[in-house]
Amino acid sequence: MKKTIFLCAMAIASLSACKSRQYSRNNKQIEKKANKENPNFTNYTTLAYIDAFKAVAIEEMNAYGIPASITLAQGISESGSGNSSLAKYANNHFGIKCTSDWKGKAYYKDDDKSDDCFRVYKDARESYRDHSEFLKRKRYSFLFELDKNDYKNWAQGLKTAGYATNPKYADMLIGLIEKYQLYQYDQSETEREKIAREDRVFADINANMPVENKKFTPVNVAPKDPPPTTTTDASYYVVKQGDTLFKISQLYKLTVDELKLLNKLSDNNIKVGQKLLVVK
């Protein structure tokens, strides 16, 4: 019995180590691409961050009614003024995680659990838009009845709705807004504009309700990246019909030469059912 428990523990530890290596390779690919696209990245000051993203926050406010000051304060808090690894490499400024319907790439880092799965965006604007989409659900619906320049009640409402576990979350947001005068970017709206905006937003919220679990419940692994294991041993992949060495190498963030070297292959020929080592 003790031997069985020991072997199970060893197997779990081995699987965990394989997953960690897989996530690490995945992140290195994401980071390499980000560094190539922005080789001269310099850390933002908070004022520089506000200047860089105030326009997109205003754009989201005018579309959905979320005060620009609230969005900017959350961005400052969640992303460390744009300097966190998630913001720098994944363009993820609000810590939004992968869900079962996420079609993009993923970046893995410790958060609530080890190697939590976070969304990778093409740019920061896409992250800001997804933040607005994230709030368009039943638990936050009452907030959209507020005026779009009512940052104090928005901050209190986010805390009430359980956006964050920090008991001082509302005070923290209000403190940032007032310290950096973010309320200057908020705008009032006429009654007619407010009704039209509410109609748009509540139509989206009502459409989301049947699929809220799918849209907003985090998953451990992004649907496409990294790939799921296909055998009980996470170190190996079993070749399926239509597979090529190139296709498998792309799935596991390897080169074809690395895959051939791992499996002592002299050529590119593989056959269905063949077991290939895919962890270095």
Side-chain angles (χ1 to χ4, degrees), residues 1-39 84-92 95-122 217-280:
M1 181 65 175
K2 289 182 178 180
K3 183 178 180 181
T4 301
I5 294 172
F6 175 76
L7 290 174
C8 287
M10 290 295 291
I12 291 169
S14 176
L15 179 61
S16 177
C18 288
K19 284 184 176 179
S20 292
R21 287 195 293 270
Q22 189 176 19
Y23 294 150
S24 178
R25 286 200 304 272
N26 176 84
N27 285 0
K28 285 178 182 177
Q29 291 290 327
I30 299 295
E31 291 165 8
K32 182 178 179 180
K33 182 180 179 183
N35 288 330
K36 184 177 180 180
E37 292 176 352
N38 188 12
S84 69
S85 59
L86 269 180
K88 181 177 179 181
Y89 299 122
N91 288 313
N92 190 330
I96 295 180
K97 295 180 180 178
C98 305
T99 57
S100 61
D101 67 338
W102 176 241
K103 301 298 190 293
K105 292 185 177 296
Y107 190 86
Y108 296 85
K109 68 187 296 292
D110 294 349
D111 189 54
D112 296 324
K113 304 189 299 292
S114 177
D115 291 320
D116 269 343
C117 180
F118 291 88
R119 298 181 176 195
V120 175
Y121 299 104
K122 296 174 185 176
T217 301
V219 295
N220 293 331
V221 180
K224 292 186 177 180
D225 188 17
T229 57
T230 55
T231 71
T232 54
D233 187 341
S235 302
Y236 289 88
Y237 177 86
V238 177
V239 177
K240 302 189 299 292
Q241 187 69 38
D243 279 339
T244 64
L245 281 182
F246 177 75
K247 181 179 177 181
I248 297 167
S249 70
Q250 292 298 295
L251 282 174
Y252 288 91
K253 312 300 181 186
L254 299 166
T255 66
V256 171
D257 286 341
E258 286 174 332
L259 194 55
K260 289 170 67 176
L261 186 61
L262 279 171
N263 292 279
K264 299 181 173 57
L265 300 176
S266 58
D267 54 40
N268 291 350
N269 294 323
I270 53 176
K271 59 185 179 181
V272 174
Q274 185 174 352
K275 194 176 181 180
L276 296 178
L277 182 64
V278 290
V279 174
K280 291 191 283 188

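The model shown is predicted, which means the values in this text are computed figures rather than measured ones.
Note: Y237 and Y252 have perpendicular aromatic rings, judged against thresholds of 30 and 60 degrees for the angle between ring planes.
Atom OG1 of residue T244 and atom NZ of residue K247 lie 7.0 Å apart, to the nearest 0.5 angstrom. Between N38 atom CG and K33 atom NZ the span is 13.5 Å, to the nearest 0.5 Å. Summarising the geometry, atom CD belonging to Q29 is positioned 10.5 Å from atom OG belonging to S24; distances are rounded to the nearest 0.5 Å. D257 CG to L262 CG: the interatomic distance, rounded to the nearest 0.5 Å, is 11.0 Å. The distance from atom OG1 of T255 to atom CZ of F246, rounded to the nearest 0.5 Å, is 10.5 Å. For the atom pair CD1 (I270) and NZ (K240), the distance works out to 10.0 Å, reported to the nearest 0.5 Å.
Here the closest non-hydrogen pair linking I30 and Y89 is CG2-O, 3.5 Å. Taking all atoms of both residues into account, the shortest heavy-atom contact from V221 to C117 is C-SG, 4.0 Å.
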Point to revise | CA sep, side-chain torsions, deciding dist, call: Y107, N91, side-chain contact (heavy atoms from CB on, under 4.5 Å) | key: CA-CA 10 Å; Y107 190 86; N91 288 313; over 6 Å; no

Point to revise | Worked check of side-chain hydrogen bond (donor to acceptor under 3.5 Å, both in side chains) between T99 and D101 | key: CA-CA 5 Å; T99 57; D101 67 338; 2.5 Å; yes

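Side chain of D243 to main chain of V239: no donor-acceptor pair is present (N/O by atom type, distance under 3.5 Å, no hydrogens or angles). Between the side chain of N35 and the backbone N or O of K32 there is no donor-acceptor pair closer than 3.5 Å. Side chain of N92 to main chain of I96: a donor-acceptor pair is present (N/O by atom type, distance under 3.5 Å, no hydrogens or angles). In this structure, the side chain of D116 does not engage the main chain of D110 through any donor-acceptor pair within 3.5 Å. The backbone N or O of Y108 sits less than 3.5 Å from a side-chain atom of N27, completing a donor-acceptor pair.
Side chains of K275 and N263 form no contact here, defined as non-hydrogen atoms less than 4.5 Å apart. Using a 4.5 Å heavy-atom threshold, the side chains of L251 and V278 count as separate. Side-chain atoms of L265 and L245, non-hydrogen and from C-beta on, do get closer than 4.5 Å to each other. Using a 4.5 Å cut-off on side-chain heavy atoms (C-beta onward), D112 and K97 make contact. Counting only heavy atoms from C-beta outward, the side chains of N26 and K253 approach each other to under 4.5 Å.
Taking the six-membered ring for Trp and the full ring otherwise, Y121 and W102 have centroids separated by under 6.0 Å.
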